[in-house]
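Chain identifiers are assigned alphabetically (A, B, ...) following the order of the sequence lines, protein sequences preceding nucleic acid strands; residue numbering begins at 1 within each chain. In this text the structure is predicted, and so the values were computed from the model without any measurement.
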Amino acid sequence: MSSVRVRFAPSPTGFFHIGSARTALFNWLYARHTGGVFILRIEDTDAARNSDAYLDVIYQSLAWLGLNWDEGPRVDANGGGECGPYRQSERGHVYREYLEKLRAAGRVYEKDGATWFRLLGERHEVYDEHRQKTVTKVKTAPMVIDDAIRGRVERVEDEDFVIFRSDGNPVFHFVNVVDDIAMRITHVIRGEDHLSNTSKHVALLEAFGVKPPVFAHIPLILKQNGPGKMSKRDQGALIEEYQKRGYLPEAVVNFITLLGWNPGGDREKLPVAEIVSLFDLPAVNQSNARFDDKKMAHMNMLYLLALPAAEFAARARTYFATLPAEAGAAALAADAAYFEAVMGLAQPKIKGFEELPAYTAYFWGEAYPTDEKAQAKALAKGEPKARLAELAELVRAPATDFSSDAALEAAIKALAEARGLGFGDYQGVARVAVTGLAAGPSITSLIRLLGRERVASRLERFAAGLGREA
RNA sequence: GCCCCCAUCGUCUAUCGGUUAGGACAGGAGAUUCUCAUUCUUCAAAGCGGGGUUCGAUUCCCCGUGGGGGCACCA
């Protein structure tokens, strides 16, 4: 086992952002790749913004993505890990202890009721135009960060900063560094938005006399449209959204991995186990990536298509179970073998589970909607009413061979040829009559699955409706 | 305003000084199928600009420009 220890340190704000997901993922990948330890630490020092209810969003999203943590909250088997507690709100004693270390070293002072960290160097006052106030600058040596992704980055940290608020609570920069020390973190893998903050962290690390961990700042995910990084409000930003829409987590993992990393060459669809074995920090890109929901959807389709039929059906069942009763109950009530058969027809056709309810509605009962445009188009030419009647008769006739798609197709073709028509003269109108839709699985397979009686009565009922309108 | 990071098709990217600059998504055209989707064929599409270094730069360096991030008693 390697000595690598990485952590994902989210703040429970009620959302689990796709950028956070990727940060968690890259940490997890690195831990798994190196045989190290993946730690979950909850950064909930801001009592005003955090809430226990929000924690579930984090646990739930990580679990869905398959990112299991070795140390942290909810690791029941071994009590969480040896560096607990893992919620910062429960680590006040640790922060006070570390504060005393700094105090003993003469590196802190009080001002305006808050506790400040003192930088070393000559001081002078200067007016800051941006903040429109006078600030004290400190002439310090540049902090050097040897970033595993960016290379050498140098930045001058030239102002003292608050480490304990006047309300007595410690500030992010402080707790982040203290916990990384206390939890013996070896690699800090986080978003590039922290790169500029890192000089603060290195200054703190130096004050504690601790050798800094390896830093690795990963690029940000930019919003699909418009300027800036992706935020909670953008389309596709929330992990729970993908979950709700029935995306396959392995597809989401594969996609967001590729936003900033790739194995080299042309390969894109990679099983997570292979990503784990190939992943490494130096191969992570340095430039920000723009989110693309079309490519995400495509990746999802690839995974859907590749699923074994039974697995597809099982996952589809789970998806239906998440829907409101009016959308999912009928499907769930169906006979298991029948349900699997319907899913067998849907799997090669749909791009995502979210299409499933509309795509399969007519399989679960007689109360399915009819697409007006599809209906108008199907009825526009020929003699639809006659075709429907002929087909109903054919379907009802016990002599008609239902044993295979090919046999049924041959029967319909024979019917068509006898009248100088083609298969298409029946297919379109029959589809609208039986499914209410313009598109769907092959007409012969869905007729066979629905059964003679159900199809015939739908054909007749539809034809009767035409009579009234005409 | 100050500081930091980045820069190849519309988008995600391959290339680690010498290539007809490749792939994928999206887009166009076509083929196949009973519709649709898949699949297949095919078309269009890129090295931000200017200086260097080099026999040779997409690749290395500098300057611009553009994009992104940071500059809180948020994390």
Nearest listed nucleotide, side chain of A:Arg290, among B:C25, B:G68, B:U11: B:U11
Short side-chain N/O contact from A:Thr45 to OP1 or OP2 of B:A75, under 4.0 Å: yes
Pairing partner (Watson-Crick or G-U wobble, both distances under 3.5 angstrom) of B:U15: none
Salt bridge (Lys or Arg N to Asp or Glu O under 4.0 Å) partners of A:Arg431, counting only residues at least two apart: none
5'-most by nearest nucleotide on RNA chain B - A:Met296 or A:Gly226: A:Met296
Counter-base of B:C9, judged by Watson-Crick or G-U geometry with both distances under 3.5 Å: none
Short side-chain to backbone donor-acceptor contact, A:Thr140 and A:Asp158, under 3.5 Å: no
Pair listing, salt bridge (charged side-chain N to carboxylate O under 4.0 Å, His left out) test, anchored in residues 6-26 of chain A, at least two apart: A:Arg7-A:Asp180
Side-chain donor/acceptor of A:Ser166 to base of B:C73, under 3.5 Å: yes
Parallel, tilted or perpendicular: ring planes of A:Trp364 versus A:Phe320, cut at 30 and 60 degrees: perpendicular
Protein proximity profile, nucleotides 31-45 of chain B - base contact B, sugar-phosphate-only contact S, no contact -, cut-off 4.0 Å on heavy atoms: ---BBBBS-------
G-U wobble or Watson-Crick pairing nucleotide for B:U41 (cut-off 3.5 Å, both distances): B:A29
